[in-house]
Amino acid sequence: MRTIQVEKIVEEVAQMCKEAAYYLPEDVYQALKRGRETEKSPVGCDVLDQIIRNAEIAKSEDRPICQDTGMAIIFLEVGQDLHIEGGGLNDAINQGVAKGYTEGYLRKSVVAEPLFNRKNTQNNTPAVIYTKMVEGDKLKIQLAPKGFGSENKSGIKMLVPADGVEGVKKAVLEIILHASCNPCPPMVVGVGIGGTMDQAAYLSKRALLRPTNVRNEHPDYAKLEAELLTLINKTGIGPQLGGTTSALAVNVEWGATHIAGLPVAVTICCHAMRHSERIL
Amino acid sequence: MAEKIRITTPFTEEQSRKLKAGDSVLITGTIISARDAAHKAMTEALARGEKLPVDWTNQIVYYLGPTPAKPGDPIGSCGPTTSGRMDAYTPKMLDQGIKGMIGKGSREPAVVEAMKKHGVTYFAAVGGAAALIAKSVKKYEVLAYPELGPEAVARLTVEDFPAIVVIDSEGNNFYEIGQAPYRKL
Ligand code: SF4
């Protein structure tokens with residue numbers, strides 16, 4: 001059995017928080033540049049120029065791309081033959097998040113309790129942690145810090161099977177039109193189809209881990225991704241002030257569901273589509 | 001790209017009324033940051049009949065909660081936050097003499113009505129262009145509510161701060177005007 005020390009996890013997670021906040025993934029950067037080439041609105045071009053320049057400054061000067069450095073969403077894949085030594089795994093993740101957000105001059109944006117007191121925890125913990133047990137002896141950590149300008153515009157619809165593909169498109173489009181200019185477009189759109197209500201939401205988040213230039217393995221879903229992207233880019237939302245580059249990509253993930261159901265969840269992410277990953 | 005209009009503060013109603021939805025501007029002078037918690041605190045103070053800690057006459061408010069500054073920098077990354085969350089407080093704040101607002105995203109009709117009444121301009125800064133915007137900020141001084149941390153009310157000295165007029169003092173809305181020609185649904 002392989003053993004890994006929690007200190008190692010703390011260190012890596014701290015590093016990942018900084019990396020994600022400063023360095024826009026290359027695929028997103030390239031998608032922005034392609035959007036700039038095809039954008040029809042002059043104001044849209046100005047906005048895209050600023051967004052691209054911003055990503056370049058953030059990267060070269062180790063500065064947060066956006067001041068909302070988000071809530072840390074962590075996806076873990078824990079090999080069942082791996083032994084974690086020296087403390088709890090969730091504690092280690094949270095310690096890593098606290099360290100990274102403090103050392104990296106990132107904004108602490110988490111309140112401990114949502115309704116009555118809303119006191120800031122001052123170190124951006126707790127993280128949202130999803131854990132999956134897998135075969136093997138490795139630990140895979142994926143971090144996707146999520147800003148709430150876009151999270152607040154995400155949504156879910158519980159469709160019925162008769163709604164079909166057209167129903168799914170309509171549901172996604174309604175959520176996008178309602179979000180409009182608010183989630184800092186160009187957006188990256190994660191769609192979760194199937195499962196239960198909560199699982200569809202989870203799938204829509206997970207979908208955002210896939211690079212923007214990789215399509216779904218299932219050809220029908222790959223086609224749906226392309227069709228949804230075309231549709232969203234016809235809304236006119238554009239890069240915040242109107243135009244043709246409303247979204248950079250639509251990533252769909254799907255799961256088994258009940259004979260009576262067709263849940264559809266949409267997580268909207270802004271152009272600051274940040275993530276980092278480690279396999280330990 | 002059309003010529004950018006240079007604006008210097010204080011920002012008067014006369015300056016504000018000249019701007020039209022869709023204009024690109026560069027702001028030089030001082031702007032004042034305030035967001036959710038500060039707006040709540042200020043409107044509560046007004047309700048109690050107290051004087052506000054800041055004179056808002058001819059000021060531009062910036063809806064902002066920056067990242068902490070690195071040593072040697074005046075400010076961290078400092079892009080706009082969603083303006084809509086301030087809408088409930090905004091008409092009361094505009095009564096205090098604010099002539100410009102910088103944020104991102106749409107506003108409620110009640111805000112637009114108050115803007116028309118007072119001749120106020122609503123600007124958008126590019127959401128998520130926070131490291132770029134930081135380049136135009138030369139100085140950051142907390143004026144009130146230091147206990148709110150990044151949500152404190154602070155004076156930002158800016159040079160060529162980039163923004164776009166989205167709702168002008170007549171209520172023309174560039175979010176609508178800008179989207180319409182490209183909506184092909
Ligand atoms: S939606 Fe994204 S880009 Fe916009 S302010 Fe939030 S984190 Fe930043």
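Chain identifiers are assigned alphabetically (A, B, ...) following the order of the sequence lines, protein sequences preceding nucleic acid strands; residue numbering begins at 1 within each chain. A quick note: this is a predicted structure, and the numbers were derived from the prediction, not measured.
With chain B as partner, the option from A:Gly242, A:Cys66, A:Pro64 having the largest number of non-hydrogen pairs under 4.5 angstrom is A:Pro64. Interface check for chain A: of the options B:Thr82, B:Ile177, B:Ile164, the most heavy-atom pairs under 4.5 Å are formed by B:Ile164. Ranked by heavy-atom pairs under 4.5 Å with chain A, the list B:Ala180, B:Gly84, B:Ala131 is led by B:Ala131. Of the listed residues B:Pro150, B:Ser83, B:Ser106, B:Gly76, the one with more heavy-atom pairs under 4.5 angstrom with chain A than any other is B:Ser106. Listed options B:Pro66, B:Pro68, B:Gly178, B:Gly105 were ranked by heavy-atom pairs under 4.5 angstrom with chain A; first place goes to B:Pro68. When each of B:Leu64, B:Val126, B:Val166 is scored by its heavy-atom pairs under 4.5 Å with chain A, the top score falls to B:Val126.
Contacts of A:Thr69 with chain B are made by side-chain atoms alone, with heavy-atom separations under 4.5 Å and no backbone atom involved. For A:Ala58, the parts lying under 4.5 angstrom from a heavy atom of chain B are both the backbone and the side chain. Looking at A:Leu24, neither its backbone nor its side chain comes within 4.5 Å of chain B, counting heavy atoms on both sides. Only the backbone of B:Ala125 comes within less than 4.5 Å of a heavy atom of chain A; no side-chain atom from C-beta onward does. Neither the backbone nor the side chain of B:Ala134 comes within contact range of chain A, judged by heavy atoms closer than 4.5 Å. With a 4.5 Å cut-off on non-hydrogen atoms, A:Leu106 touches chain B through its backbone but not through its side chain. Contacts of A:Gln122 with chain B are absent, with no heavy-atom separation under 4.5 Å from either backbone or side chain.
Inter-residue side-chain proximity for B:Ser77 and A:Ile65 is flagged as unmet; no heavy-atom pair is nearer than 4.5 Å. Two residues are said to be in side-chain contact when any heavy atoms from C-beta on lie closer than 4.5 Å; A:Leu231 and B:Leu185 meet this criterion. Looking at heavy atoms from C-beta onward, A:Ile237 lies in side-chain contact with B:Gln179 at the 4.5 angstrom threshold. Considering only heavy atoms from C-beta on, B:Thr81 stays 4.5 Å or farther from A:Asp68 through its side chain. B:Thr67 is not listed as a side-chain neighbour of A:Tyr105, based on a closest heavy-atom distance of 4.5 Å or more. Looking at B:Tyr182 and A:Ser41, their side chains come closer than 4.5 Å, going by heavy atoms from C-beta outward. Side-chain contact between A:Leu177 and B:Arg183 is present, with heavy atoms from C-beta onward closer than 4.5 Å. Contact annotation: the side chain of A:Arg63 approaches that of B:Asp73 to within less than 4.5 Å [non-hydrogen atoms, C-beta and beyond].
Of the possible polar contacts, one joining the A:His271 side chain to the B:Gly127 backbone as a donor-acceptor pair under 3.5 Å is found. At distances below 3.5 Å, not a single donor-acceptor pair connects side-chain atoms of A:Gln67 with backbone N or O atoms of B:Gly65.
The structure places CD of A:Glu56 at 10.0 Å from CG of B:Leu132, a figure rounded to the nearest 0.5 Å. Atom-to-atom distance recorded for A:Arg53:CZ and B:Lys135:NZ is 8.0 Å, nearest 0.5 angstrom.
Within 6.0 Å of the CZ atom in B:Arg155, the count of heavy atoms belonging to other residues, nucleotides or ligands does not exceed 12.
Here B:Lys4 pairs with A:Asp46 in a salt bridge; the nearest charged N to carboxylate O distance falls below 4.0 Å.
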Determine whether A:Asp62 and B:Lys70 satisfy the following criterion, salt bridge (charged side-chain N to carboxylate O under 4.0 Å, His left out), listing intermediate values before the conclusion. CA-CA 10 Å; A:Asp62 283 359; B:Lys70 284 187 176 178; 5.3 Å; no

